[in-house]
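Side-chain atoms are counted along with the backbone in the values below, which use heavy atoms only and exclude waters and symmetry mates.
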Amino acid sequence: MAGEGVAVRVPEIIFTTRLQTDLLTFDGVILVTNTIDELSGDLQCLKDLLNQYKSIDASVEQDVVLVHAPDLPGARLIFSPTGPLNRDYDDVRRFSDAAVSGIKRALKAGMKSPLLVCPPEKLFKDASLASVLGALQALYVPLEIREAHKEKATRVDRLGVWASSEEKGKKLQQLASALEQGRTVCRDIGGSDPERMAAPNVAAYVQNIFCNSVVSVSVTSDVATLEEKYPCLAAVNRCAKDVARHQARVIELEYTGEGATEKTLLLVGKGVTYDTGGADIKAGGIMAGMHRDKCGAAAVAGLFQVLSVLKPRGIKVIGAMSMVRNSVGSDCYVADEIITSRAKRRIRVGNTDAEGRMAMVDLLCSMKEKALEKYKPNHFELFTIATLTGHAVRAVGCNYSIIMDNGPAHRANTAHGLQGAGDKVGDPFEISTIRRDDYDFHKGKSEYEDILQCNNLPSSATPRGHQSPAAFLIMGSGLDKHGIDSEKPLCYSHIDIAGSSGPFPGIPTGSPVLALAAKYILHRV
């Protein structure tokens, strides 16, 4: 079975507090900072070397440079400057970007055990963590390569990290390793091709990595059960179900931390393993890359990997991965069909290429039911995470997730809280607002249906094309009965990661695993 024996492979991270005493452990030093002028103490030797080099190359603080350093590990020093940090638009990604550049130069130089040095930074207290995470992003090896070529499973033997104290070093090592394991799971699922990570293979992978862990996993595969519990997802699965290796799976995960449960998160991730568009087929060469339409579900699995490693106290997290393929064929669902959702809403299909919201809406309804069953005010937070709309990319570009709150979540400042957490670790968010126009857009247009699933235009050509799907999810799941006017309001936020999930061709980013972990997990460790 695919997934058996799969390891969440990340480089071994070793910290040191003494730059010049580990000459045999490491084979080169990478310095990431904005200026050499403030280097002191154990790092004074780096300042002296670079000042000497500066006498022959004035661009030393502008470009990545490799300097001969006889007294350092490997006798070589790479300086990868961040550039200025004090402008309105500078953020902690200056460090992760510089670390990526430094690691790439180190690999070209043949380093196998680089030592990353990021001095403490007053403006960005998490600069060191961001730097290590940037380096690890550059060191990721895709799952298919790890499986097919064992000798290429790692780019380095180890990654060294300098810290100013033992305590800081241990914390940095712990957090960076856990977060990178989460991103690795996310990249493995999200980035692998549509056969390697077809729905049954995703289920096997997830079951394997969480075997004998603090995370419980259950998988629903029976077609009749899917049709009964998740009719909208089953509609998308209707064409794919006749091909065994493409059949849908609903993967549910659960983690409960030690101590009293102060917060419960309920996460639903879009896991469309391949999106042909269905009957409204993606024509004109725009289908390539649609295996990445599972990055929302991949992020859910990634966050659970962080939970399984760090084991935070006082929090419960329930996740659902809606793994389904949007195939095209004689049995595919089509526009004009009316499908009754789990919440008993009659939904008229407007566009089969809006399958992501269909895959998630019944799972969101299920999460709503779980929250109502054990309702406590302000205790539950519900999320959907999806590469949902091209409009999100057009609206904010390729490097940002978008979050939008319902009324209760807006009052709880969920979006602003997650944006702030993401800013600290280099996983940035933009905030959008769900307006009355979005609800009006999805109201049924005749007495036949309660809700219109979508229009027949691409989201990028539709006004409010990334906001209105959130209104659909609220309406289709029955969450509209649990807004600020309800006796049992529920906080719900939708996260569109169509832009932030990563480039194709290229490596997925793992977003928004870092931001969610920074907001809900790290302070509980």
Near [X] [atom1], under 6.0 Å, is it more than 12 heavy atoms from other residues, nucleotides or ligands?
X	atom1	result
Lys311	NZ	yes
Arg155	CZ	yes
Glu258	CD	no
Glu144	CD	yes

Side chain [X], main chain [Y], donor-acceptor under 3.5 Å:
X	Y	value
Gln137	Pro508	yes
Lys294	Ser192	yes
Arg196	Gly191	no
Asp496	Thr389	yes
Glu61	Ile36	yes
Asp42	Leu19	yes
Gln173	Ile13	yes
Lys263	Asn378	yes
Tyr255	Pro312	yes

- Item | Student check: side-chain heavy atoms of Val425 and Leu179 closer than 4.5 Å | no
- Message: Run Lys270 and Glu355 through salt bridge (charged side-chain N to carboxylate O under 4.0 Å, His left out) and show every step you take.
- Response: CA-CA 9 Å; Lys270 173 186 173 183; Glu355 83 298 329; 3.5 Å; yes
- Is a salt bridge present between Asp126 and Lys424, judged by a nitrogen-to-oxygen distance below 4.0 Å? no
- Item | Glu254 with Lys316: basic N within carboxylate O range, under 4.0 Å | yes
- Message: Applying salt bridge (charged side-chain N to carboxylate O under 4.0 Å, His left out) as the test, list every pair that has at least one member in residues 89-98; sequence neighbours left out.
- Response: Arg87-Asp90, Asp90-Arg94, Asp91-Arg93
- Task: Scan residues 160-184 for pairs that pass salt bridge (charged side-chain N to carboxylate O under 4.0 Å, His left out), counting only residues two or more places apart or in two chains.
- Result: Glu180-Arg183, Glu180-Arg187
Run the ring pair (Phe, Tyr, Trp, His ring centres under 6.0 Å) test against [X] and tell me which residues pass, sequence neighbours left out.
X	value
His466	His391
Phe380	none
Phe504	His291

- Item | Point-to-point distance, once rounded to the nearest 0.5 Å, from CZ of Phe210 to CG of Leu253 | 6.0 Å
- Task: May I have all residue pairs that pass side chain to side chain donor-acceptor pair (under 3.5 Å) and include part of residues 402-422, sequence neighbours excluded?
- Result: Asp405-Ser493
- Query: Under 3.5 Å, is there a donor-acceptor pair linking the side chains of Tyr400 and Ser511?
  - Reply: no
